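So the structure is just underneath, and the comments pick up after that.
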Amino acid sequence: MQKKKNIAIVGSGLVGSLLAIYLRKQGHGVTVFDRRPDVRTVEFSGRSINLAMSNRGWKALAEAGIEKEIRQLALPLDKRAMHVVDKPVYFQKYGNDGEAIYSISRGVLNRKMIDLAEEAGAVFRFEEKVWDVDMRSAQLFTGESEKSEWKEYQFDLVFGADGAFSRIRHKMQRQSRFNYSQHFIDVGYKELTIPANADGSHKLDNASFHIWPRGEFMLIAMPNLDGSFTCTLFLPFEGKVSFESLQTEEQADDFFERYFPDIKDEISNLKRDFFKNPTSAMVTIKCFPWSYYDKITLVGDSAHAIVPFYGQGMNAGFEDISVLYSKIEKYGDDWESIFEEYQNERKPNTDAIAELSYRNFIEMSSKTADPSFLLRKKIEKKFTNKYPEKWIPLYSRVTFSDKSYSEALKIGDWQRQVMDEVMKMPNISEDWDQPEVEEKILELIQKKKPESIS
């Protein structure tokens, strides 16, 4: 056990709540601050995208001793269901038998995580906004407004888990040589709902991640335990087909009937949510350093916000806590070494998943309906099944493994080069199943594989 510290966590979201559980396991005093009301007492705002829990997230939850309780809130999805206009729905398996991502409501999970953190002994202070932090002394200052009288708290350590627009990171940005960037994409998102059938059953296959790829935009749907689906419409902010172009109910009716004819019976529900729920933006945030000596460090979106197209935002944040815990076990009471090694190990990996997430939007919205892309995936799948030790697909490396994101990015780039060569073979669309294709991949693997890839 470490020497007991008095620790503040700013942010009661998923990552902050998990961190509170880990730190209480170590015997530390933990106080969690959040400017928002307790999510257990309010209705959700319609800004959520259902979460896709995968190996990295489950590993962190298992280490915290809460995996079993969280699995009860999740539904396994072992495949994509592709809804292409004028074609029957077709399915793409994610990985090998038994490999699945797990759909879970952000709100339901956050409520449960706060419950578990409180049961572990963490103290939550909701509707108390942190306005400033003295980084040298680990003092926090809270108050009703920036100009009101502030309350002062003294801590030994402060963790910033307060999201993409973190107050703690904002203070750290004032340091000399602090690197920071943010990039908004031109696509926004809006939460929609497909309700359950009258008997509580799901209207679509409930073991699938549903995608309606439409080129520059797309709709996704993930099932909930109550029989409903949480849908997310990703659409450009401006342009011919955009949030800006859909201002009336008639325009929305035409949009949903034209692009999503297979769920036209749900248009009244989709349209209601379209005008009721807010349109939200998506941002990639990178910064460094994440820590200030042995006093302050950033976790989750505060350090590395990413767009949601690989389903890894929560998983990457949970993995932060898992890695941080391993450094605590390694260095004991040397918090400066804990923070230093944690940030140096995580930074290249979170940069890698940021890049992969951005690329996956292009794949999900455009390429999943492209015959050439589907053929490429079919060839890869056949080769993987025969030579699993030679070729693990990029998606499986990211989702069904806890190997580093940076290694997955490097190997994925190499695999793409190999498949680009394969797709240039004469008559590949007719002869993809022939022995020559397999021989070509084996030859390219031997010739092109960089020495740095294990």
Side-chain angles (χ1 to χ4, degrees), residues 49-55 74-104 192-194 196-197 201-215 217-225 227-234 256 259-266 270 308-312 315 356-357 359-386 388 391-401 412 415 419 423 429 432-433:
I49 298 171
N50 260 35
L51 302 165
M53 188 84 74
S54 58
N55 281 41
L75 279 170
L77 313 179
D78 63 357
K79 59 191 175 299
R80 290 179 176 140
M82 307 303 303
H83 300 254
V84 179
V85 177
D86 296 330
K87 290 184 180 179
V89 177
Y90 63 92
F91 298 91
Q92 298 173 332
K93 290 280 282 186
Y94 274 127
N96 299 321
D97 288 342
E99 289 183 330
I101 61 173
Y102 286 76
S103 175
I104 187 165
L192 309 171
T193 305
I194 294 177
N197 289 316
S201 60
H202 292 87
K203 290 180 178 174
L204 303 168
D205 182 80
N206 68 353
S208 297
F209 180 104
H210 294 264
I211 306 177
W212 289 259
R214 299 296 183 263
F217 63 96
M218 68 176 173
L219 179 72
I220 65 170
M222 297 177 72
N224 298 307
L225 290 173
S228 67
F229 281 83
T230 297
C231 307
T232 311
L233 177 65
F234 297 98
F256 285 114
Y259 292 108
F260 309 108
D262 60 334
I263 51 171
K264 61 179 183 295
D265 293 342
E266 299 304 320
L270 299 172
F309 303 113
Y310 228 112
Q312 287 294 305
N315 290 287
L356 288 167
S357 298
R359 291 183 189 178
N360 216 40
F361 173 64
I362 308 301
E363 179 173 312
M364 289 172 70
S365 62
S366 304
K367 294 184 179 179
T368 47
D370 176 8
S372 175
F373 176 81
L374 296 173
L375 176 61
R376 178 186 288 242
K377 290 297 177 187
K378 198 189 297 186
I379 295 169
E380 277 193 77
K381 184 70 174 174
K382 179 173 182 280
F383 189 80
T384 299
N385 289 341
K386 186 165 183 181
W391 192 283
I392 299 171
L394 175 60
Y395 187 88
S396 294
R397 284 187 182 276
V398 171
T399 307
F400 304 125
S401 157
Q415 289 178 330
M419 288 306 300
M423 296 302 289
S429 56
W432 70 271
D433 204 16

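Remember, it's a predicted structure, so these values are computed and weren't measured experimentally.
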Could you tell me which residues satisfy side chain to side chain contact (heavy atoms under 4.5 Å, CB included) with [X], sequence neighbours excluded, listed by chain and number?
X: N55; answer: F400
X: S201; answer: N197, D199
X: A196; answer: none

Close side-chain approach of [X] to [Y], heavy-atom, < 4.5 Å:
X: M423; Y: I379; result: yes
X: L233; Y: L270; result: no
X: R80; Y: Y94; result: yes
X: W212; Y: D262; result: yes
X: T232; Y: M222; result: no
X: E380; Y: M419; result: yes
X: Y395; Y: I101; result: yes
X: R214; Y: F260; result: yes

What closest approach, in Å, do [X] and [Y] show between heavy atoms, and which atom pair accounts for it?
X: I194; Y: C231; result: CG1-SG, 3.6 Å
X: E99; Y: S396; result: OE1-OG, 4.5 Å
X: L394; Y: G412; result: CD1-CA, 4.1 Å
X: P388; Y: I392; result: O-CG1, 3.7 Å

Inset, instruction - Give a yes or no on whether K381 atom NZ has more than 12 heavy-atom contacts from other residues, nucleotides or ligands under 6.0 Å away. - result: yes

Can you tell me how far [atom2] of [Y] sits from [atom1] of [X], rounded to the nearest 0.5 angstrom?
X: Y102; Y: D78; atom1: OH; atom2: CG; answer: 9.5 Å
X: Q92; Y: L374; atom1: CD; atom2: CG; answer: 6.0 Å
X: F256; Y: L219; atom1: CZ; atom2: CG; answer: 7.5 Å
X: N385; Y: N96; atom1: CG; atom2: CG; answer: 7.0 Å
X: F361; Y: F217; atom1: CZ; atom2: CZ; answer: 10.0 Å

Inset, instruction - Show your working on side chain to side chain contact (heavy atoms under 4.5 Å, CB included) between I263 and K203 and close with a plain yes or no. - result: CA-CA 10 Å; I263 51 171; K203 290 180 178 174; over 6 Å; no

Inset, instruction - Using side-chain hydrogen bond (donor to acceptor under 3.5 Å, both in side chains) as the criterion, point out the one residue from N224, T230, N50 that pairs with S103. - result: N50

Legend entry - Stepwise side chain to side chain contact (heavy atoms under 4.5 Å, CB included) test for F309 and M218: CA-CA 11 Å; F309 303 113; M218 68 176 173; 3.7 Å; yes

Inset, instruction - Run the salt-bridge test on K79 and D205 with the 4.0 Å N-O cut-off and return the result as yes or no. - result: yes

Legend entry - Flag, side chain of N315 to backbone of S54, donor-acceptor distance under 3.5 Å: yes

Inset, instruction - Indicate yes or no for a side-chain donor-acceptor contact from H83 to the backbone of I220 under 3.5 Å, with no hydrogens or angles considered. - result: no

Inset, instruction - Kindly indicate, with the supporting measurements, whether the criterion side chain to side chain contact (heavy atoms under 4.5 Å, CB included) is fulfilled by L204 and E266. - result: CA-CA 12 Å; L204 303 168; E266 299 304 320; over 6 Å; no

Legend entry - ring-ring contact (aromatic ring centres under 6.0 Å, His included) partner of H210, chosen from F91, F229, Y90: F229

